[in-house]
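Source: prediction; values computed, not measured. Whatever order the structure lists ligands and atoms in, that order sets their numbers, starting from 1. In this chain, residues are counted from 1 in sequence order.
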Amino acid sequence: MIPAILPTYARANLTFVKGEGSWLVDDQGRRFLDIGGGIAVNALGHAHPELVETLQQQASQLWHTSNLYHIPNQTALADRLVASTFADTMFFTNSGTEAMECAVKMARKYFSHNGQPERYKMIAFEQSFHGRTLGMISAAGAEKLTKGFGPMLEGFTQVPLHDLEALKMAIDDETAAIIIEPVQGEGGIIPVTDQFMRDIRALCEEHGLLLIMDEIQCGVGRTGKLFAHEWSGVTPDIMAVAKGIGGGFPLGVCLATEAAAVGMVAGSHGTTYGGNPLACAVGSKVMDIIANDAFLAQVSEKSGLFRQSLEGLVASHPEVFEEVRGAGLMLGIKCKVTNMDVVHAGYDVQLLTIPGGDNVIRILPPLNISSDDIKEAVARLDQAATAIEATL
Ligand SMILES: *Cc1c(COP(=O)(O)O)cnc(C)c1O
């Protein structure tokens with residue numbers, strides 16, 4: 001019999017009832033070290049006191065009014081993001097995939113507004129992930145996302161990452177935009193090289209294309225800069241953000257330059273819930289905490305410690321692990337055994353990691369994880385790997 005919840009997830013047999021910092025407590029009172037961060041969402045860990053207070057405060061004032069009226073929290077968060085990014089304007093959503101939908105609609109509208117409606121095609125990259133709407137599975141294109149859901153939305157192609165020639169070949173008179181994750185997340189924690197980012201920007205300039213970045217997973221301090229593209233010095237025209245920006249409250253946002261947003265006039269796009277007072281109160285508090293040099297320097301410091309310890313771990317378990325990769329606190333360990341076996345061995349030692357593409361386990365801990373918790377996480381990964389070795 002079908003369960004009451006559509007069985008689209010092969011869920012682990014774990015039920016959490018409480019969280020604190022990097023730790024989760026299950027319904028049997030066991031404490032799990034959570035270095036998956038709810039898939040890069042819990043940027044400040046569980047039950048961060050300032051986020052809890054902010055949400056409670058706003059909850060007693062006002063939950064929802066709709067976007068028919070001004071929402072001061074939304075304006076405050078937007079002003080703050082304008083001040084600290086390339087963007088001049090933005091649209092708030094409830095999720096990442098909606099932010100990407102807005103990005104794609106905006107790019108198409110840009111060309112139609114500018115008298116080139118025939119330019120609607122977009123080039124994305126293999127192994128990318130942009131969400132689960134029909135539009136975004138069409139954009140990413142992988143069969144595991146699209147199978148059985150066809151026909152796909154027309155106008156998307158995918159080329160291999162870091163293949164400049166393939167990218168050039170894919171551009172034609174109908175191309176509108178290039179879509180890229182500066183660090184691929186679901187695909188297996190694959191950072192795009194600074195050079196490739198610059199090459200893409202140059203192609204966009206040459207052909208008049210818009211550059212859309214998906215920083216839903218790699219943004220908001222995750223790599224040690226506020227946004228991952230800052231490492232390359234290349235800025236997008238349009239960027240989707242979600243996950244970490246809400247610290248666990250559903251919130252997404254599509255940011256853009258004034259030029260790129262030119263067609264998005266009154267009535268052209270909308271959302272009932274997006275950017276509501278609760279979400280934007282939390283989002284502003286997340287930004288207060290993360291968007292400063294001292295906090296971001298801590299992320300890089302913790303990254304150094306984590307990465308170095310993981311290199312040691314990989315070296316001492318050569319039959320289980322292959323390599324460490326990633327940026328900041330967006331780390332991946334490529335496995336030699338099946339990655340799900342490592343994730344499961346983690347559960348046995350009360351450690352939560354996240355599987356990813358290319359046989360990787362993803363490590364996406366709270367950005368404020370303590371050094372002690374990092375050491376504990378590596379110790380538990382060591383135990384998990386030792387347990388796996390005993391079965392080989
Ligand atoms: C998670 C993710 C999405 C989809 O976000 P949702 O909030 O699940 O809709 C899109 N792109 C990337 C890079 C992501 O990591």
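Ring to ring, Phe125 and Phe196 are close: their centroids are under 6.0 angstrom apart.
With 3.5 Å as the limit, one finds no donor-acceptor pair spanning the side chains of Glu181 and Ser128. For the residue pair Thr54 and Gln57, no side-chain donor N or O sits within less than 3.5 Å of a side-chain acceptor on the partner.
Residue-level contacts of ligand 1 at the 4.0 Å heavy-atom threshold are Ser95, Gly96, Thr97, Phe129, His130, Gly131, Glu181, Asp214, Ile216, Gln217, Lys243.
Applying the side-chain contact (heavy atoms from CB on, under 4.5 Å) test to Glu319 and every residue at least two apart in sequence or in another chain returns Leu392. For Phe32, the ring pair (Phe, Tyr, Trp, His ring centres under 6.0 Å) partners at least two apart in sequence or on another chain are Phe16. Residues forming a side chain to side chain donor-acceptor pair (under 3.5 Å) with Arg31 (at least two apart in sequence, or on another chain): none.
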